[in-house]
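Since the model is a prediction, treat every value here as computed from it, not as a measurement.
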Amino acid sequence: MSSLEQAEDLKAFERRLTEYVSCLQPATGRWRMILIVVSVCTATGAWNWLIDPDTQKVSFFSSLWNHPFFTISCITLIALFFAGIHKRVVAPSIIAARCRTVLSEYNMSCDDTGKLILKPRPNIQ
């Protein structure tokens, strides 16, 4: 394989990698917003739950029943984590990290957008 063909293959790989990572960005942004909104709702509900004087006087389940906003927010947050939101939020970073691991064997790396970084060859003496 000639060096021209190798360069074309690297360019094609880089284009595909950057395309894939950029496709993940909008979905990642949406998942981050969902996680932020649900986390803020849970924190707000928790604050209201904790400062309610009746919380200490009734059973745990009764206090959750008295604070449906907190209960629903917690259930939603737990469901999102079971659905894998923590992976969806950092998906481009995971892809880039895995590519860096594979590319390191070929004395290359990539940035978070998928652009290839060619490293200088080590001097063997």
Determine, for Glu14 against Lys11, whether the closest basic-nitrogen to carboxylate-oxygen distance falls under 4.0 angstrom.
->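 So Glu14 does not pair with Lys11 through a salt bridge.
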Residue pair [X] / [Y], side-chain heavy-atom distance below 4.5 Å:
{"X": "Asp112", "Y": "Arg100", "result": "yes"}
{"X": "Thr44", "Y": "Trp47", "result": "no"}
{"X": "Leu17", "Y": "Ile95", "result": "yes"}
{"X": "Phe13", "Y": "Leu116", "result": "yes"}
{"X": "Leu35", "Y": "Phe81", "result": "yes"}

Side chain to side chain donor-acceptor pair (under 3.5 Å) pairs, two or more places apart, involving residues 53-63 |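 For residues 53-63: Trp49-Ser63, Ser59-Ser62.
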Keeping to residues at least two apart or across chains, list the side chain to side chain donor-acceptor pair (under 3.5 Å) pairs with something in residues 80-89.
->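 Pairs touching residues 80-89 that pass the test: none.
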Shortest non-hydrogen contact between [X] and [Y], atoms and distance:
{"X": "Ala96", "Y": "Cys110", "result": "O-SG, 3.8 Å"}
{"X": "His67", "Y": "Asn48", "result": "CE1-O, 3.8 Å"}
{"X": "Thr101", "Y": "Ser104", "result": "O-OG, 2.7 Å"}
{"X": "Pro120", "Y": "Asn107", "result": "O-ND2, 2.9 Å"}
{"X": "Arg32", "Y": "Val89", "result": "NH2-O, 3.1 Å"}
{"X": "Val21", "Y": "Pro92", "result": "CG1-CB, 4.1 Å"}

Cluster check [X], [Y]: I/L/V/M/F/W/Y, side chain < 4.5 angstrom:
{"X": "Leu50", "Y": "Ile75", "value": "no"}
{"X": "Ile36", "Y": "Val90", "value": "no"}
{"X": "Phe70", "Y": "Phe61", "value": "yes"}
{"X": "Trp31", "Y": "Val40", "value": "no"}
{"X": "Leu64", "Y": "Val58", "value": "no"}

Among all residues two or more places apart in sequence or in another chain, which pass the side chain to side chain contact (heavy atoms under 4.5 Å, CB included) test with Ile117?
->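 Per chain and number, Ile117 pairs via side chain to side chain contact (heavy atoms under 4.5 Å, CB included) with Ser109, Asp111.
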For Val38, which of Leu77, Ile85, Ile78 qualifies under side-chain contact (heavy atoms from CB on, under 4.5 Å)?
->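 The residue from Leu77, Ile85, Ile78 that satisfies side-chain contact (heavy atoms from CB on, under 4.5 Å) with Val38 turns out to be Leu77.
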More than 12 heavy atoms from other groups under 6.0 Å of CZ on Phe69 =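 Check passes, neighbour count above 12.
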